[in-house]
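Scope of the values below: all heavy atoms of this structure, side chains included, with no hydrogens, waters or symmetry mates.
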Amino acid sequence: MITVLSQILGFIGSLCLLLFGMEMLSNGIQKGAGNRLQTLLHKISGNRFTAVLTGLAVTAIIQSSGATTVMVVSFVNAEIISLTQAIGIIFGANIGTTVTAWIVSLFGFSFSMEAAAIPLFGFGFILKYFKKLKIHNFSDCFMGFALLFMALGLLKTSMNLNPESVSFLQKFQDLNFAGLLLGVLIGTIFTALIHSSSATTAIVLTMSANGSLPWELGAAMVLGSNIGSTVDAVMSSFGASVNAKRTAAVHVAFNVTGTLLALIFFQPFLNLIDFIVPGLPTQNITNHIAMLHTVFNISATILFLPFVKQIASITEKVIHESQKEKDAHYKIPIILPKNHVSTDLYVFQVQKEITKMAGRVMEMMDYLNQGLNQNKESLESLAEEMNFQEEYVDEMNHEISYFLQKCSRLPTANHNDRNNYANMISVIQNLEDLSDECCSMMHSLCKFKKEAEEASLENQTKELVEYFNQVHIFYEQTCTYIALGLSEIDKVLLSDVEDKIDRTKRELKKVSRKRIENGSNVKAELNYMDLVRKIEKAGDCIFGVIQAIQPNPGDSLLAAGSEKNLISAQNVIINTKSRKAFVSGKEVQLAVKEYELLALLMENKGQVVTREQLLASVWNYDKEIESRTLDVHIGLLRQKLNNQKLIETVRGVGYRIL
């Protein structure tokens, strides 16, 4: 009794160590691979063969077909890939998961696993402290392999049963086809419980190597593990979109149908494996089982791959889209598995949701543009639509922020990932602030139109429309940068746009004060200035979005310093550290005196720099230098910068840059 209990407890402990080792191995590979996994998934095309290869590669890398299928369901749910692409990836994932069986078969039983595990674990642990080397991210990968080998060694010990204690397994074969079905059922249930077909296969290989499991029953259990592996996809589709449910249904149907076909032609199938693998099953059973797993998944893929479009069409007809799918409330269409997840694989999904959120805010900006150009009677319907959009954007802000916070707590998230998530949260919070400002502007606009005097309404509205258009165009540019990214030069140039919005606000306030001094309606002017203030506040929110967007790496402007070294004016930027000038992002070759002259004017942007100051600073006020030299250099600068309006001549005094 004590012996049986110790074997059961030993098996459970070994199984837990095996699962933990596989999870650590998967997480370690994902940490080391970083955004290369994301790049791989980005290369998915409509080509079904490319999709199969993608699924195969990703699964072979992360050592989990369950994780791959959950990702696929999530991507379909987020409308990043189509159903037909997802089917191809699922086919490839089934092939990729056989890599684990070959690792266990080839290395798990050919040498002392415990002897290899300890030095391998030690190497991985030491590697964690070499943080300057990029390879330190793979430390968990080595420690995961060590735990995997250690667990397999313990499994061999705990499952080293005598023939009498496992004689009941031989009786399964005497049941013929019913016995095979029972083996498939055991493989399915066990895999569904532990959420790992690779672990089930490893246990089957261990039992077969010990002589505890007959060849036919082991094959049936491996086939059953393919069905059990679909549980992750099914669970991840709960509450997801209709296309995500279709993807999960295809995964289940594919694995079940393939297993049934293998059972129908079971004996010829085993004969094929015996023909491919040299030696009798009793002599080389681990390679036989690993080969069976591989040939089964490759054969099923070859059989069903030509009918991908037909499979997708049938699934769409069987699983209909209900009205609930078009619910007005927002729900983030991203599924976060509890394990085996690379944070990089979800970044571009979140970016797509942020782009959708930016589109919603753009609709609100368009409503304001319509409201400014329409009479007060038509504003009520626009205000109602504005309120609906604002509530929806609030829901998006809450859902996406919460998801990003969950991502930042994942074990695979590193310091750079967390900084990236923090920037994304800042972007969506600024978008949400902008939506609040749009809603507030609409209410102020309604009040302004109702209380404005007819005599001054036309001029005031014209000024507001022109001012709002500055902000509207600014936001249109920002939406492009949200979707495509921006460079450091864009960031610096857009700060000038924000400065222009601030200057226009001050000018409009002066104009409004003059109207009040001339006897205009004070209440109407206060409503006008309130709108001006809110439009400027909207510009601040947009600039907040710009500041939160991570610039693209490798910007030539920052190659010799930081953003503090950049000075901009219109489309011209100079880097004071590298002493280089750029026009619309392209470097312009300037002579030494030309650069010094431009730098002095840009450092005093908005102020007049006298001729005497320019000559003294650039030429050290050499008496032999004629003042005409200054005018010639200014002319050359205007020509090289291709901007005649950048440097303004203040006659009789000097020059300035606006």
Side-chain angles (χ1 to χ4, degrees), residues 470 473-474 476-478 480-481 484-503 542-543 546-547 549-622 624-651 653-658:
Q470 287 184 29
I473 292 169
F474 187 27
E476 285 178 347
Q477 292 174 316
T478 302
T480 304
Y481 296 130
L484 303 177
L486 83 169
S487 64
E488 201 63 52
I489 183 172
D490 297 320
K491 217 168 186 179
V492 176
L493 291 174
L494 287 168
S495 66
D496 277 354
V497 177
E498 205 265 340
D499 290 341
K500 183 181 178 183
I501 291 170
D502 290 344
R503 288 197 303 270
I542 296 168
F543 191 62
I546 290 292
Q547 289 181 311
I549 299 172
Q550 284 288 87
N552 297 324
D555 199 315
S556 60
L557 288 172
L558 293 183
S562 67
E563 189 179 347
K564 295 178 182 178
N565 301 318
L566 304 180
I567 304 174
S568 67
Q570 296 183 28
N571 66 333
V572 178
I573 294 179
I574 62 168
N575 189 321
T576 56
K577 188 169 183 178
S578 64
R579 295 175 64 85
K580 292 180 179 180
F582 302 84
V583 177
S584 299
K586 295 181 180 179
E587 187 177 350
V588 177
Q589 298 297 326
L590 298 179
V592 174
K593 296 298 183 185
E594 291 169 350
Y595 171 80
E596 291 177 355
L597 182 60
L598 178 63
L600 183 59
L601 288 168
M602 291 187 72
E603 286 168 358
N604 295 277
K605 186 170 65 172
Q607 301 175 13
V608 178
V609 184
T610 65
R611 300 176 69 87
E612 290 77 14
Q613 289 173 323
L614 291 168
L615 288 167
S617 180
V618 178
W619 285 276
N620 296 319
Y621 207 83
D622 193 335
E624 296 179 6
I625 297 291
E626 296 183 7
S627 61
R628 179 66 184 156
T629 301
L630 175 60
D631 300 326
V632 171
H633 277 77
I634 291 290
L636 289 171
L637 266 178
R638 285 170 172 162
Q639 185 177 352
K640 287 185 177 182
L641 299 176
N642 195 26
N643 190 337
Q644 296 295 320
K645 295 181 180 180
L646 176 68
I647 304 174
E648 181 187 23
T649 303
V650 182
R651 296 194 177 279
V653 183
Y655 297 93
R656 71 177 169 192
I657 285 180
L658 297 173

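- Contact annotation: the side chain of Lys500 approaches that of Arg503 to within less than 4.5 Å [non-hydrogen atoms, C-beta and beyond].
- Looking at heavy atoms from C-beta onward, Leu597 lies in side-chain contact with Leu630 at the 4.5 angstrom threshold.
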Determine, step by step, whether Met602 and Val572 satisfy the side-chain contact (heavy atoms from CB on, under 4.5 Å) criterion, reporting the C-alpha distance in whole Å, the side-chain angles of both residues, the deciding distance to 0.1 Å, and the verdict. CA-CA 9 Å; Met602 291 187 72; Val572 178; 4.2 Å; yes

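- For the pair Lys640 and Gln589, the minimum side-chain heavy-atom distance is 4.5 Å or more.
- The OG1 atom of Thr478 lies 6.5 Å from the CD1 atom of Ile549; values are rounded to the nearest 0.5 Å.
- Note that the CD atom of Gln477 and the CD1 atom of Ile542 stand 10.0 Å from one another [nearest 0.5 Å].
- With contacts defined as side-chain heavy-atom distances shorter than 4.5 Å, the pair Tyr655/Asp631 qualifies.
- Looking at Arg638, its side chain does come within 3.5 Å of a backbone N or O of Ile647 through a donor-acceptor pair.
- At least one side-chain heavy atom of Leu637 sits under 4.5 Å from a side-chain heavy atom of Leu590.
- Residues Ile574 and Ala581 come closest through the heavy atom pair CG2-CB, 4.0 Å.
- Annotation: the span from Leu641 atom CG to Glu594 atom CD amounts to 9.0 Å, rounded to 0.5 Å.
- Residues forming a side-chain hydrogen bond (donor to acceptor under 3.5 Å, both in side chains) with Gln613 (at least two apart in sequence, or on another chain): Thr610.
- Atom CZ of Arg611 sits about 9.0 Å away from atom OG1 of Thr649, to the nearest 0.5 Å.
- Counting heavy atoms from C-beta on, the side chains of Val618 and His633 never come closer than 4.5 Å.
- Contact of the Arg579 side chain with the Val592 side chain is registered, since non-hydrogen atoms from C-beta on lie closer than 4.5 Å.
- Looking at heavy atoms from C-beta onward, Ile657 lies out of side-chain contact with Ile567 at the 4.5 angstrom threshold.
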